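Below is one structure; the comments refer to it alone.
Treat the numbers as computed from the prediction; the structure is a model and nothing was measured. Letters A, B, ... mirror the listed sequences (proteins, then strands); counts begin at 1.
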Protein chains: 2
Amino acid sequence: MAKGFRSDLSRRERQIMDILYRQGRASAAEVLAGLPDPPGYSAVRALLRILEEKGHVRHEGEGKRYVYLPMQPRQNAAQSALRQVLHTFFGGSIENAVATLLSDQDTQLSEEELARLADLIDQAREGEKQP
Amino acid sequence: MAKGFRSDLSRRERQIMDILYRQGRASAAEVLAGLPDPPGYSAVRALLRILEEKGHVRHEGEGKRYVYLPMQPRQNAAQSALRQVLHTFFGGSIENAVATLLSDQDTQLSEEELARLADLIDQAREGEKQP
DNA sequence: GCTGTCATGCTAAAATTTTAGCATTACCTT
DNA sequence: AAGGTAATGCTAAAATTTTAGCATGACAGC
């Protein structure tokens with residue numbers, strides 16, 4: 001799987017991969033429901049088949065219908081996506097990215113969430129100190 | 001500007017926008033140099049013109065050549081990109097995203113960077129406590 | 001059995017994207 | 001002046017993506 005595979009995807013391919021990662025797995029009908037400016041059912045199925053041919057997706061039978069899953073593990077894809085955003089918009093800086101998130105009204109954290117985040121940082125610092 | 005405008009861009013459009021955000025501004029030649037599997041110079045120019053027609057980009061004369069800049073401010077685009085990744089891969093959770101970054105070998109933080117990050121969280125907690 | 005609904009496999013046309021090339025201009029160097 | 005290089009404006013063809021529709025199969029309900 002190419003490093004920047006998400007930027008190698010066409011518009012619709014990308015939209016579909018995002019739905020599959022968000023939901024973990026989805027039928028063609030579920031993918032259709034999640035698409036912006038959705039085409040018809042058969043258009044979605046054709047795209048899913050293409051994504052499968054390209055190796056980005058696989059399907060499993062579930063009852064009498066297919067359900068599609070991303071081939072690349074979620075964790076890998078998530079890391080890759082995060083790195084790409086850091087690189088593109090934040091010069092690679094985690095600090096700047098976190099600052100942006102913390103200052104963003106739409107992603108406001110509760111007291112409890114901030115506490116857990118602080119714990120996370122502390123653990124990373126402890127791990128850093130022990131050689 | 002549509003909310004998820006990056007997922008509305010075609011493959012090459014998206015690659016070009018990312019270069020413009022990373023570099024802040026770029027000539028056609030610079031964009032060309034940054035593209036994976038690059039086409040010819042005139043292909044890049046044509047794409048920049050299309051992006052400009054669509055309103056994503058504007059150009060300024062700089063000496064005897066054009067330099068292109070994104071229309072949407074970097075901060076907005078950055079926030080939007082981060083939110084999209086959070087939503088797609090982390091169920092909207094900042095904590096999970098930060099945990100992933102901290103556990104990622106490729107984005108390892110120094111002691112000093114962790115300290116600054118901890119400060120950032122503390123400031124957000126202070127801000128949270130004062131009504 | 002028939003009808004309706006949901007599904008798949010497949011095709012190919014429509015739409016969009018991507019690409020390169022031509023004509024022209026502006027310079028620098030010989 | 002001629003040649004070379006870099007640039008722009010523009011066009012349209014090539015390539016790719018996106019889309020819908022047909023044929024078929026599997027069920028369920030009447």
With sequence neighbours left out, the residues meeting ring pair (Phe, Tyr, Trp, His ring centres under 6.0 Å) with A/Phe90 are none
Take the protein atom OH of A/Tyr68 and the nucleotide atom C1' of C/dT8, then report the distance between them rounded to whole Å. 8 Å
If I take atom CG in residue B/Asp8 and atom C1' in nucleotide D/dT18, what distance separates them, rounded to the nearest angstrom? 15 Å
Atom CZ of B/Arg65 and atom P of D/dA6: how far apart are they, to the nearest Å? 12 Å
What is the separation between atom CD on A/Glu52 and atom P on C/dG9, rounded to the nearest whole Å? 9 Å
Counting N and O atoms only, with roles assigned by atom type, does the side chain of A/Ser80 sit under 3.5 Å from a partner on the main chain of A/Asn76, one being a donor and the other an acceptor? no
Rounded to whole Å, how long is the line connecting atom CD of B/Glu60 with atom P of D/dT8? 14 Å
For A/Ser110, is there any backbone N or O sitting under 3.5 Å from a side-chain donor or acceptor partner on A/Glu113? yes
Here the distance between atom P of D/dT17 and atom CG of A/Leu48, to the nearest Å, is 15 Å
Donor-acceptor pairs under 3.5 Å, side chain of residues 29-46 of chain A to any protein atom, not counting sequence neighbours: which ones?
unit_1, atom_1, unit_2, atom_2, d
A/Glu30, OE1, A/Ser27, N, 2.8
A/Glu30, OE1, A/Ser27, OG, 3.4

Please report, rounded to the nearest Å, how far the C1' atom of D/dT17 is from the NE2 atom of A/His56. 13 Å
Whole angstroms only, please: what is the CD-C1' distance between A/Gln15 and D/dT17? 12 Å
Of all the choices, D/dT17, C/dT18, D/dT8, which nucleotide is nearest to the side chain of B/Glu13 once you look at every atom? C/dT18
Exercise: do A/Glu13 and A/His56 side chains pair donor with acceptor under 3.5 Å: no
Given 3.5 Å as the limit, does a donor-acceptor pair link the side chain of A/Arg74 with the main chain of A/Tyr21, or not? yes
Mark up nucleotides 19-30 of chain D, 5' to 3', with B wherever a protein heavy atom is under 4.0 angstrom from a base atom, S wherever such an atom reaches only the sugar-phosphate, and - elsewhere. BBB---------
